[in-house]
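We name chains A, B, ... by the order of the sequence lines, and we start the count at 1 in each one. All values reported here derive from a predicted model rather than from experimental measurement.
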Amino acid sequence: MEINSKYNPSEVEDKWYAYWQEHKCFHSEPDEKEPYTIVIPPPNVTGILHMGHVLNNTLNDVLIRKARMDGKNACWVPGTDHASIATESKVVAKLKGMGISKEDITREEFLKYAWEWKEEHGGIILKQLRKLGASCDWDRTRFTMDPELSQAVINTFVYFYKKGWIYRGVRMVNWDPEGHTAVSDDEVIHKDTKSHFYHMRYFISDGHGNPTDKYIVIATTRPETIMADAAICVNPNDERHHWMRGKKVLIPLINKEIPIIEDDYVEMDFGTGCLKVTPAHDAHDYEIGLRHNLPVLDIIDDHGRLNEKAQILIGEDRFVAREKIVKMLQDAGNMEKVEDYTSPVGYSERTNAVIEPRLSVQWFLKMGELAPRALASVEDGFIKFIPDKYRNTYRHWMENARDWCISRQLWWGQRIPAYYLPDGQIVVESSFEKALKAAQAIDPAIKPENLRQDEDVLDTWFSSWLWPISVFDPDMPGQPDHEPNADLKYYYPTSDLVTGPDIIFFWVARMIMAGNEFMNDVPFRNVYFTGIVRDKIGRKMSKTLGNSPDPLELIAKYGADAVRLGMLLCSSAGNDILYDESMIEQGRNFCGKIWNSFRLIKGWSVDESAPTPEHSAVAVKWFGQKLSQTICIVEDHYSKFRINDALMATYKLFWDDFCSWYLELVKPAYGAAMDKATYDATTGFFEALIKMVHPIMPFITEELWQSLEPRKDGETIMYAPTPKAGAFDEKFLADFDIAREAVASVRAIRKQKNIPMKSALELKVKGEFPEEMASAVKKLAGVSSVEKAQDADAQGVPFIIGTTEFFVPLAGFVNVEEELAKLEADLDYQKKFLEGVRRKLANESFMAHAPEKVVAVERKKEADALSRIESLTSQINSLKNN
RNA sequence: GGGAGAUUAGCUCAGUUGGUUUAGAGCGUCUGCCUUACAAGCAGAGGGUCGGGGGUUCGACUCCCUCAUCUCCCACCA
């Protein structure tokens with residue numbers, strides 16, 4: 001059989017992915033086996049794959065493939081999220097390019113465009129995931145706006161409304177003037193922003209709307225809102241301002257009279273101690289307004305422009321208006337001074353627009369009962385967070401959770417099922433027909449055309465919080481009487497969730513709430529939080545910085561397996577990933593290593609009658625045990641979600657133990673055949689190894705597993721059972737390590753003395769040495785004999801392992817002074833070490849307090865140091881006598 | 001401003017209830033090798049007073065206090 005000398009991933013990957021799909025290898029149906037379930041964190045339906053997805057989905061795939069090989073019924077449900085704000089803004093942008101404004105078309109027309117956009121761009125990301133090797137059950141692909149899933153969202157809304165947990169409220173919300181919607185507090189990012197602090201003069205009114213010559217100075221960062229001022233507020237304890245109690249002031253430029261009021265909220269030592277109260281455009285001012293019964297005047301429209309109520313600068317954008325009004329105030333003599341000022345300003349997470357606090361009517365879901373229960377799920381250990389530190393973050397948020405603003409002023413999403421009667425009464429029902437009936441129960445005269453549905457849609461998270469339930473049985477959420485279908489019964493709760501810590505509140509917490517409410521059980525057992533993928537110097541990846549590589553290009557260049565390994569190498573749970581392409585090169589190199597070891601093995605011919613050489617027998621015995629030992633370690637790592645530790649242990653087992661030691665030991669002389677026993681053991685080991693690697697690198701392992709021996713059509717390594725650990729003897733493994741050390745020492749001597757492997761050396765041993773290992777040392781160190789040394793022939797280049805002395809007789813090669821210096825340095829170190837240990841043993845307090853075990857360890861250290869010193873002294877003497 | 005976490009080799013990180021750790025790994029670095037599986041490789045080597053200071057303890061990378069630096073989360077000082 002001809003094997004390419006180099007591994008060619010692109011050839012192999014598409015072939016096996018198609019094979020897996022053709023044979024339905026990813027598909028799961030409920031059966032009698034233990035389920036292992038993951039639901040994908042749904043990416044934006046029109047998004048494209050970035051490095052964060054690569055990390056997340058690689059981890060998911062490793063877990064799911066591992067579970068599958070462990071014999072579980074593994075099901076990974078894929079899907080996408082409709083991402084209302086992001087998608088709608090893309091569609092708006094597209095329409096703009098076509099010369100169409102959203103305002104000019106109907107909701108239905110807009111949605112038609114949106115669905116077209118979704119059909120065109122939707123699901124690209126799922127195709128890209130296939131390139132990565134993701135073993136999702138594509139037959140189960142879901143979209144948060146699939147009709148059934150949308151209905152689940154509507155049912156949920158109706159359910160909570162009827163339960164009295166959803167209410168409509170006038171609230172100061174975070175208005176995104178670009179997205180034209182309210183966004184939740186969590187979607188606002190506060191950034192310190194440079195601006196100015198404007199000190200303005202408000203003149204005291206004479207009582208008839210005319211200015212007197214007295215004025216007060218008010219500092220603000222937002223002079224464009226002065227027209228909406230409802231009062232000037234000072235602290236009641238601020239004596240500086242008592243003189244103007246009961247007076248009124250005039251708003252500059254428009255000369256509107258407003259009262260001076262007093263409230264504790266105002267800090268005396270901030271700014272001028274005077275606050276302009278603008279209830280419509282600041283959340284705190286709104287609160288003050290409520291306390292003092294101030295009128296609310298909203299002068300900014302949906303787009304962030306001043307409206308006619310502003311009286312001046314009508315139609316101007318708020319920032320343009322700010323510049324203009326500053327000029328006007330200066331011209332009018334109202335501007336006292338302008339200072340540079342940096343203050344936190346809220347930005348929309350989605351559009352990066354400056355958030356405008358704005359009063360509006362929104363729908364809210366009460367957190368009062370949902371949050372404490374969801375908190376308990378984690379606190380009581382029903383859900384485990386990895387790493388654990390996120391429990392703190394979670395607790396803090398859950399204890400302070402505010403009601404969830406679930407309405408969004410958008411069209412793309414699930415429309416709120418609230419219907420208004422002409423008299424303003426509201427009915428909430430899961431369909432128009434039901435709503436009509438309910439409305440007619442109130443007023444039999446109501447006709448369909450009298451009923452008006454709420455214009456807003458629901459927050460996207462209000463659909464994705466149902467995800468672990470609705471992907472299996474969309475009839476479940478919001479319908480407590482519904483009998484869960486077979487899928488839901490079998491797959492829920494899911495096993496593990498892999499996601500980023502940035503959506504712990506948006507998504508993770510809310511899924512827990514929904515799970516508790518509708519399933520009376522948590523939605524998953526473990527949440528593994530990945531880090532955020534950053535570039536090599538720690539910057540977040542972003543399009544503008546251009547530091548975000550295209551995963552598909554990386555896959556094309558290095559292969560999917562290499563990309564997967566590379567991502568995992570630099571990721572431990574919860575730590576940010578400092579991505580560097582060299583990690584992926586390492587993945588590629590590992591593929592090369594695996595590939596070449598296979599070529600080596602496959603290149604051997606077998607001689608049925610050949611006896612097994614001693615060194616091969618030792619090698620087989622050793623690697624079998626080493627494999628078992630490592631399997632235990634790897635399994636332990638997986639059980640603790642220490643994926644990169646599991647990976648590293650596997651990596652070293654393959655590269656160091658198998659390739660560098662085992663294969664070198666059993667490798668026959670060039671052209672010579674190998675005995676059958678060793679050959680069979682070797683292929684067996686190789687198969688076990690690639691099975692261990694498979695969850696991490698699915699493609700190359702499938703290719704080699706299929707090449708290892710003839711397989712039936714439809715057979716796959718995906719369902720090959722994870723290798724099981726056999727017994728292993730620690731002492732035997734330790735003995736082999738002594739042999740390794742001896743080999744390394746001889747090789748080092750060869751290098752120092754420039755002696756090629758071809759010239760055989762002898763090795764003399766003084767002290768204990770496991771006889772069984774002699775053949776291995778001979779083969780790998782190029783040593784012709786390993787013999788017990790008598791005192792007389794204890795000479796040559798020395799080294800010590802443990803307490804055993806070794807000599808490589810090399811007449812003429814020994815540099816006595818050099819060797820002596822090394823030995824004496826070591827001796828010196830050992831003496832000091834011994835001194836330290838003895839000091840400890842002489843310490844009465846230590847002897848009295850330390851447990852026996854620890855004392856025994858110290859005694860052993862003492863003994864070891866003593867015999868090491870003895871060996872060193874002996875070697876020094878031998879050298880001196882030469 | 002509040003909270004959480006971090007600081008161990010050049011880089012990225014392990015170090016699991018304080019004592020078999022006389023601090024480890026991978027990558028990188030250095031040296032020598034194109035040795036018929038692999039130069040995307042092989043062999044070998046060097047590299048850290050565990051951020052600073054103090055404390056608890058027989059014993060501290062590990063626990064406590066403090067300082068410094070960094071990261072993240074939450075938070076409206078007009």
Out of [options], which has the shortest distance to the side chain of [X]?
X: A/Phe833; options: B/C77, B/C73, B/U22; answer: B/U22
X: A/Lys861; options: B/G26, B/U22, B/A78; answer: B/U22
X: A/Asn843; options: B/C58, B/G26, B/C73; answer: B/C58
X: A/Leu663; options: B/A43, B/A37, B/C58; answer: B/A37
X: A/Phe505; options: B/C42, B/C73, B/G44; answer: B/C73

What is the distance, rounded to the nearest whole Å, between atom [atom1] of [X] and atom [atom2] of [N]?
X: A/Lys640; N: B/U16; atom1: NZ; atom2: C1'; value: 6 Å
X: A/Phe654; N: B/A40; atom1: CZ; atom2: C1'; value: 15 Å
X: A/Lys593; N: B/A37; atom1: NZ; atom2: C1'; value: 8 Å
X: A/Ile504; N: B/C74; atom1: CD1; atom2: C1'; value: 13 Å
X: A/Asp576; N: B/C73; atom1: CG; atom2: C1'; value: 13 Å
X: A/Glu581; N: B/U12; atom1: CD; atom2: P; value: 18 Å
X: A/Met648; N: B/A14; atom1: CE; atom2: C1'; value: 11 Å
X: A/Tyr198; N: B/A78; atom1: OH; atom2: C1'; value: 14 Å

May I ask you to say what [X] touches in the nucleic acid, namely base, sugar-phosphate or nothing, with a heavy-atom cut-off under 4.0 Å?
X: A/Arg391; result: nothing
X: A/Lys667; result: base
X: A/Glu852; result: nothing
X: A/Tyr265; result: base
X: A/Gln586; result: sugar-phosphate
X: A/Leu275; result: base

> Can you say whether the rings of A/Phe641 and A/Tyr528 are parallel (under 30°), tilted (30 to 60°) or perpendicular (over 60°)?
Replying inline: tilted
* Using 30° and 60° as the class limits, which term best fits the ring planes of A/Phe806 and A/Phe799: parallel, tilted or perpendicular? -> parallel
Worksheet item: Given the C1' atoms of B/C74 and B/A14, what is the spacing between them in whole Å?
Response: 31 Å
Under 4.0 Å between a side-chain N/O of [X] and OP1 or OP2 of [N], yes or no?
X: A/Tyr394; N: B/C74; result: no
X: A/Arg642; N: B/G15; result: yes
X: A/Trp655; N: B/C42; result: yes
X: A/Arg402; N: B/A75; result: yes
X: A/Arg222; N: B/C77; result: no
X: A/Lys6; N: B/A40; result: no
X: A/Asn589; N: B/G41; result: yes
X: A/Arg588; N: B/A40; result: no

- [ ] Step through it carefully: locate the ring centre of A/Tyr651, locate the ring centre of A/Phe590, and say whether they are under 6.0 Å apart.
- [x] yes
- How about A/His199 and A/Phe197: are their ring centres within less than 6.0 Å of each other? yes
Between [X] and [Y] (salt bridge meaning N to carboxylate O under 4.0 Å), is one present in this structure?
X: A/Arg291; Y: A/Asp263; value: yes
X: A/Glu224; Y: A/Arg222; value: yes
X: A/Lys384; Y: A/Glu379; value: no
X: A/Glu581; Y: A/Lys557; value: yes
X: A/Glu835; Y: A/Lys832; value: no
X: A/Asp826; Y: A/Arg868; value: yes

5' to 3', nucleotides 4-9 of chain B under a 4.0 Å protein heavy-atom cut-off (B base, S sugar-phosphate only, - none) gives SS----
Note to self: At less than 3.5 Å, do the side-chain atoms of A/Gln752 and the base atoms of B/A45 form a donor-acceptor pair?
What the structure shows: no
Give none if [N] has no partner; otherwise give the nucleotide forming a Watson-Crick or G-U wobble pair with it, both distances under 3.5 Å.
N: B/U20; result: none
N: B/A9; result: none
N: B/U36; result: none
N: B/G1; result: B/C74
N: B/G44; result: B/C30
N: B/U57; result: none

Sorted by number, residues from residues 737-745 of chain A placing a heavy atom under 4.0 Å from RNA chain B are A/Ala744
Whichever of A/Cys659 and A/Tyr829 has the more 5' nearest nucleotide on RNA chain B, that residue is A/Tyr829
- prompt: Would a 4.5 Å heavy-atom cut-off, applied to side chains only, mark A/Ile696 and A/Ile643 as touching?
  reply: no
Quick one: does A/Val508's side chain get under 4.5 Å of A/Phe529's, heavy atoms only?
yes
Cut-off 3.5 Å, no hydrogens considered: what does the side-chain donor-acceptor table look like for residues 838-845 of chain A, sequence neighbours left out?
{"from": "A/Arg838", "atom 1": "NE", "to": "A/Glu862", "atom 2": "OE2", "distance (Å)": "3.0"}
{"from": "A/Asn843", "atom 1": "OD1", "to": "A/Ser845", "atom 2": "N", "distance (Å)": "2.8"}
{"from": "A/Asn843", "atom 1": "OD1", "to": "A/Phe846", "atom 2": "N", "distance (Å)": "3.1"}

